[in-house]
Amino acid sequence: MLNYPKILFDLKTNKISFFLVLILFISCNNTPKKTAITQNEKPKSLHVIEAYAAATKQLTTAEKIGQLFMPAAYINDTEEEIVKLEQLIKDQNIGALCFFKSRTSAAANNDAQNKSDTLSLNRLKSLIKRYQKAAKYPLLIAIDAEWGLAMRVDNTPQYPYAITLGAMQNKDSLIYEVSKNIAKDCKDAGVHWNLAPVVDINNNPKNPVIGYRSFGENKELVTKNAIAFVNGMQSQGIISCLKHFPGHGDTATDSHIGLPVINKSKEALLANELYPFQQLINNGIESVMIGHLAVPSLTEEKNTPTTLSKKTIKGLLRGEMNFNNVVISDALNMRSVSKLYPTKGELEWIAFDAGNDVLCFAENTKEGIATILKNATEQQIEESFKRVWQLKEKAMNTIVSPSKEYYTSKSLNTKLAAESLTAVKGDTNTITNFKSDGFAGIEITSNKENLFFNTIKEELKFTSYNTTKTTVSKIKDAVKTEENIVVALYPPSIKPKNNFGISDNELQLLTNLMATKNVILYVFGNPYVLTTIDTSNAKNIIVAYQDFPVFQEYAAEHFLEKVNAKGKLSVSID
């Protein structure tokens, strides 16, 4: 066990000297603690981590390699699997963990909320404590919290997707507040590293995995919003990570399943996709995640993933773009790369040799460490170890002054709903006419109860139908004599696969209504859903983006003509 130097106290200057010491404040219970440590306060739980100069002399080469590995940890894991991971941490001196909700959700890249799981956050905190206790050296804890811990942790505050935030006009200050709240939630849970924001420019409407996770299709907008997001993270001492280098926006292939190919010239990429990365690198971003993409103009090879390309990481990212901080791979369990190297440990070595400092979601940790130990040079290992260890120093030594200036999640989401609501087509005259002439409402949804029509019914009388309560055929019959229809569309899926989860019968209903009725359409989901519907005859189209209660209520206020739609689509809908 490492013999840590003591904290020295200078009585003459009345100051604390942190000589070769960094302090990680780990939460001991479920109550948030003060984030600043003063002379008169002593935290209940203290992890001490050596500064790099001392650590590099005391860790063995194998231990240094272990610090580069970030296996997956699962909140809903069995006790048997938890014990296995504890043992792996002890035996291999693992440096970091990345948390997911469950093995099933991680494999499918789908962490849908489970309203019945009310203990998820407490369990996350408990597991972080257990795993930290098992570690010889403090673990760097990471999670994907692009729109809050809710991306991975049930019943935690959820904020809008990036595509919603991108619709706000000149409101990057609100994005800062969103990120600040997310960072505080991370800090309270014991998480140091938020693998966000996504800075991919989403210029392909068929993108199956980025889409709603991108701020938009304009490089300046993406950059401005990403800077605000990173600043919010840094205000709370949380590490950020740009992803997915060199840009995952212009592809129709999901890299969790296959290898996307981007056939663009290097010049075109530098002018657009790489622009946000360069701007944030210039601003000192702490880490960059490499995506699993085939980009021949960068790799100079047809099917080599950028994750495994020295020319992309060492040549372009480090050499030409001058990025000197931590490079983390995208998850190495993803089929686009995992199927390439069946021999255990080989993929981990190839990824490390290509220039990745942190091997995320490494499934063959023991074999990977052994293979790197066998093949890597001492200089390679030391360079990556230094970057990773210094990232730990920053994550675990940042002192943030306590602040009471936080929005509640509800009050912040209310502001975001007001700023993002977007009128894509039509004007308020149509709404006024509907209200005076009468209309019927149709909810295309997977939920039995929604707030949009319920809120409107507090002031107006009309008949509404819900596809979970009434069959599509009966709805068609019921509205035969109606001229005006308000459709509230709640796409079951945020992703474009299978028409965003909308059934063929429901799509047919929409098509029929658009062709035969006066239709006002409100969309509570991904605006790209409009590409699956012929909306040329629609009178009005309004996108609310989220189905959160406050977003539905604000959309209802819009129909009642009490508020305006201030947002603008950040992507093109053809």
Does the side chain of [Y] come within less than 4.5 Å of [X]'s, by heavy atoms?
X    : Y    : value
I290 : S329 : no
L269 : P246 : no
F361 : C98  : no
P71  : I94  : yes
I328 : V288 : no
E348 : E367 : no
N375 : D353 : no
I372 : L359 : yes

When rounded to the nearest 0.5 angstrom, what is the spacing between [atom1] in [X] and [atom2] in [Y]?
X    : Y    : atom1 : atom2 : result
I65  : T371 : CD1   : OG1   : 9.5 Å
I227 : I175 : CD1   : CD1   : 11.0 Å
L139 : H192 : CG    : NE2   : 8.5 Å
L308 : I350 : CG    : CD1   : 7.5 Å
N303 : S336 : CG    : OG    : 12.0 Å
L195 : L242 : CG    : CG    : 11.0 Å

For [X] against [Y], the heavy-atom pair lying closest together:
X    : Y    : answer
K314 : A354 : CG-O, 3.5 Å
L59  : K64  : O-CE, 3.6 Å
S240 : W193 : O-NE1, 3.6 Å
T307 : H292 : OG1-ND1, 2.5 Å
T306 : F245 : OG1-O, 4.1 Å
N356 : S384 : O-OG, 4.3 Å

May I ask you to say whether [X] pairs ionically with [Y], meaning some side-chain N is under 4.0 Å from a carboxylate O?
X    : Y    : value
E86  : K133 : no
K264 : E273 : yes
D200 : K243 : no
E79  : R123 : no
R103 : E81  : yes
E320 : K266 : yes

Any idea how H244 and H248 line up, ring-wise: parallel (<30°), tilted (30 to 60°), or perpendicular (>60°)?
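H244 and H248: perpendicular rings.
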Hey, can you tell me if F100 and Y74 have their rings parallel, tilted or perpendicular (30° and 60° cut-offs)?
tilted
I'd like to know whether L149 forms a side-chain contact (heavy atoms from CB on, under 4.5 Å) with L121, so could you lay out the CA-CA distance, the side-chain angles of the two residues, the decisive distance to 0.1 Å, and finally the verdict.
CA-CA 9 Å; L149 285 179; L121 180 58; 4.2 Å; yes
Under the side-chain contact (heavy atoms from CB on, under 4.5 Å) criterion, do I238 and K187 qualify, and how do the steps go?
CA-CA 7 Å; I238 297 296; K187 195 174 191 73; 4.1 Å; yes
Are more than 12 heavy atoms from other residues, nucleotides or ligands located less than 6.0 Å from atom NZ of K311?
no
cation_pi(K184, Y406) dist<6.0 Å, angle<=45
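Yes, cation above the ring, under 6.0 Å and within 45°.
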Main chain of [Y], side chain of [X]: is a donor-acceptor contact present, judged purely on distance under 3.5 Å?
X    : Y    : result
R213 : V209 : yes
S179 : F229 : yes
Q380 : T377 : yes
N202 : G211 : yes
Q234 : N231 : no
Q278 : M321 : yes
S214 : I210 : no
T56  : Y52  : no
K392 : P138 : yes
N207 : G249 : yes

Tell me yes or no: between the side chains of N397 and E393, is some donor less than 3.5 Å from an acceptor?
no
If only side-chain N and O atoms count, and only distance matters, is there a donor-acceptor pair under 3.5 Å linking E63 with Y137?
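Side-chain D/A pair, Y137 to E63: present.
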Between W147 and Y161, is the ring centroid distance below 6.0 Å?
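Ring centres of Y161 and W147 closer than 6.0 Å.
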Using ring centroids (six-membered ring only for Trp), state whether F277 and F323 fall under 6.0 Å.
no
V153/I75 under side-chain contact (heavy atoms from CB on, under 4.5 Å): CA gap, chis, key distance, verdict
CA-CA 8 Å; V153 188; I75 298 168; 3.7 Å; yes
Would V358 and L68 satisfy side-chain contact (heavy atoms from CB on, under 4.5 Å), going step by step from the backbone distance to the final call?
CA-CA 5 Å; V358 174; L68 314 181; 5.8 Å; no
